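Take a look at the structure below.
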Amino acid sequence: MRNAERHRLACGRRANIISHMNLLNSIQDRFRAALKDLVPDAGPYVAMVKPTQDTKHGDYQANCAMALAKTLGKKPREIAQDIVARLDLGDLLEAPEIAGPGFINLRLQTAHIAGALQTISPDDRLGVTKTMTPRTYVIDYSSPNVAKPLHVGHLRSTIIGDALTRLLRFLGHTVITDNHLGDWGTQFGILLYGYKNLLDQEAYAKEPVRELARIYIEVRRLIGADEDEAKNPIAEACRAETAKLHHGDVENNRLWKEFMPHCLAEIHEVYEKLGILPYDHEHGESFYNPLLPGVVESLLESKVAEPGDAGAIIIRFNENNVALVRKRDGAFTYTTSDLATIQYRLEHFHPQAILYVVDFRQSQHFANLFEAARRWGVTGVELSHISFGSVLGKEGKPISTRKGDGTELIDLINQAVELGLQKYRESYDDRKAQGHEVPDLTDADQRAIAEAVGIGAIKYADLSQNRTSDYKFDYDKMLATEGNTATYMQYAYARNRSIFRKAGIDAETLRTDPPTVTLETPHERALALQLLRFEEALLSAVAEYQPSAITAYLWDLAKTFSGFFQNCPVIRAESEPLRKSRLLLCDLTARVLQRCLDLLGIKTVERM
Ligand code: ARG
């Protein structure tokens with residue numbers, strides 16, 4: 001988190017130059033100056049300036065006086081008064097109010113908000129500045145074990161990794177994406193066994209991907225629910241095939257090479273459907289094979305690893321926590337491969353951070369891996385496990401995929417798109433029945449809406465969760481037209497765009513030559529303030545690698561917009577300047593909505 005702090009500080013510095021851009025940073029800068037002569041290190045106290053939960057207490061609130069009371073040995077209210085006296089309010093803040101034990105309530109000058117809004121209007125980035133301290137990130141996400149069809153369990157890593165990539169890049173960082181495919185594991189033994197015993201030649205010739213998926217599932221089914229796979233003869237035969245592959249058996253290696261492109265094609269089809277950014281690299285585990293003996297040697301030499309029982313090589317973390325880096329039979333492990341991967345990435349990409357977007361069940365693996373890497377001399381690089389919870393079925397139980405009985409991801413996606421179309425048609429009929437003017441769209445347009453809505457729904461449902469929580473995969477909820485869903489945001493966007501179409505107003509002119517903004521009602525002021533908080537939301541998302549900070553912001557924005565729209569006539573505003581000012585609010589709302597959704601990998605359509 002130190003880096004996130006640095007990032008915030010850097011943006012704060014930047015905010016001095018472009019002071020209207022990030023309100024929080026502007027206020028914090030003023031607090032930093034005010035606290036300078038009170039404490040040697042103002043940093044932690046400056047961080048106590050935060051947006052208020054309740055607008056009764058102003059727009060922002062500082063509770064540092066209470067914390068400072070202990071350090072300075074004075075009464076918190078006195079300190080609060082002292083800080084306020086030193087605070088340069090400029091044209092940014094109204095005179096602060098001291099409340100309760102010593103809270104400093106801060107209210108922005110409405111004229112400042114209006115001016116700032118007008119300034120960001122021509123800006124394509126909507127006031128979000130690029131970081132002054134760009135870092136290079138490697139993000140390892142999706143990283144499925146190939147050879148088996150993707151299932152719902154692969155969704156989260158793929159979606160979260162893609163969103164983090166978009167977000168970090170937008171903020172000006174360099175992101176190198178790497179799909180660390182499991183392309184060398186035991187699942188190939190299953191495929192090899194299935195190929196040799198169950199293959200339908202004709203089907204394989206026609207649709208190799210389908211046929212490989214079928215035999216994979218079939219072999220898993222034959223192994224059955226037998227928990228004790230050690231004694232299962234088919235499981236045993238599969239293991240033997242894997243061992244042959246790893247020991248250089250010519251036939252198995254030839255088949256592995258034959259399977260791989262098919263396996264990749266299947267995965268890429270899903271990525272394309274989901275609209276995932278193309279990867280910079282897809283170095284699977286097999287890519288690191290040649291490096292593994294050298295890694296183990298180096299680990300031994302540097303005393304990170306030690307000999308274990310019967311020729312095994314281990315890394316010992318404590319008495320009951322040991323990781324194998326070479327098994328007794330000479331085989332290398334997931335840990336060895338991941339250590340080689342770190343070494344390779346450092347050498348080739350020179351990152352400041354490597355993020356692993358992987359299921360919480362691998363927490364121990366990553367804790368060990370990072371510790372081993374540190375002992376091995378990897379320092380000064382942030383290594384973070386971006387952990388996430390499970391996707392549950394509607395009844396709240398994890399969807400079982402291990403035995404091959406989980407629904408394939410591609411089917412879930414296709415179903416969401418179908419439901420997206422249905423949703424659109426229902427809404428079309430509803431609006432028609434209510435006498436609204438509804439555009440008649442071509443089949444292609446309807447298809448585009450279905451995809452945006454269906455896939456957007458899946459992504460938003462996932463990203464709007466705190467990533468460490470589990471969530472239920474429930475189409476009804478994710479496609480709801482009311483509430484914190486992609487569908488709601490997409491409709492809000494399209495409705496907003498239709499205001500301009502209907503009134504025949506060119507939004508482009510409004511943007512480049514923005515009118516004076518008037519914020520006379522609390523609804524207008526609240527909306528304007530919310531729009532100016534866009535950067536704050538993105539920075540808080542990045543600080544915790546938490547895309548749900550963006551959806552939370554979107555939800556607040558949508559609610560604020562709805563309050564504004566219900567109370568403030570736009571097209572029928574009392575005067576032309578007011579109409580223009582409100583149109584600018586509408587346009588900025590649409591643009592921020594669209595940008596946020598885009599950062600989450602979600603599409604918008606102009607009309608629905
Ligand atoms: N293939 C692994 C799995 O499906 C995930 C790999 C994650 N990345 C890594 N560098 N270990 O469980």
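Note that the numbering runs from 1 along the sequence shown for the chain. Because only heavy atoms are used, hydrogens play no part in the values below, and waters and symmetry mates are left out as well, while side chains stay in. Not measured: the values here are computed from a predicted model. Every number for a ligand or one of its atoms is a count from 1 in the order of the listing.
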Checking [Y] against [X]: is there a side-chain donor and acceptor pair closer than 3.5 Å?
| X | Y | result |
| --- | --- | --- |
| Tyr356 | Asp338 | no |
| Asn368 | Gln364 | yes |
| Ser540 | Tyr553 | no |

Which ligand 1 atoms are under 4.0 Å away from a heavy-atom of [X]?
| X | answer |
| --- | --- |
| Phe366 | 11 (N) |
| His180 | 8 (N), 9 (C), 10 (N) |
| Val358 | 7 (C) |
| Tyr356 | 10 (N) |
| Tyr334 | 2 (C), 5 (C), 6 (C), 7 (C), 9 (C), 11 (N) |

Once the angle between the rings of His151 and His154 is folded into 0 to 90°, is it parallel (under 30°), tilted (30 to 60°) or perpendicular (over 60°)? tilted

Angle between ring planes, His385 versus Phe366, binned at 30° and 60°: parallel, tilted or perpendicular?
tilted

I'd like to know if His154 contacts ligand 1, where contact means a heavy-atom distance under 4.0 Å to any ligand atom. no

**Prompt:** Can you tell me if NZ on Lys603 sees more than 12 non-hydrogen neighbours from other groups inside 6.0 Å?
**Reply:** no

for atom 8 (N) of ligand 1, nearest protein heavy atom and its distance come out as Asp140 OD1, 3.2 Å

When distances are taken from atom 12 (O) of ligand 1, the protein heavy atom at minimum range is Gln362 NE2, 2.8 Å

### Query
Hey, is Glu306 close enough to Arg375 for a salt bridge, meaning N to O under 4.0 Å?
no

Note: Asp338, heavy atoms under 4.0 Å from ligand 1, region reported as side chain

The option among Asn145, Thr341, Val146, Val357 carrying the non-hydrogen atom nearest to atom 4 (O) of ligand 1 is Asn145

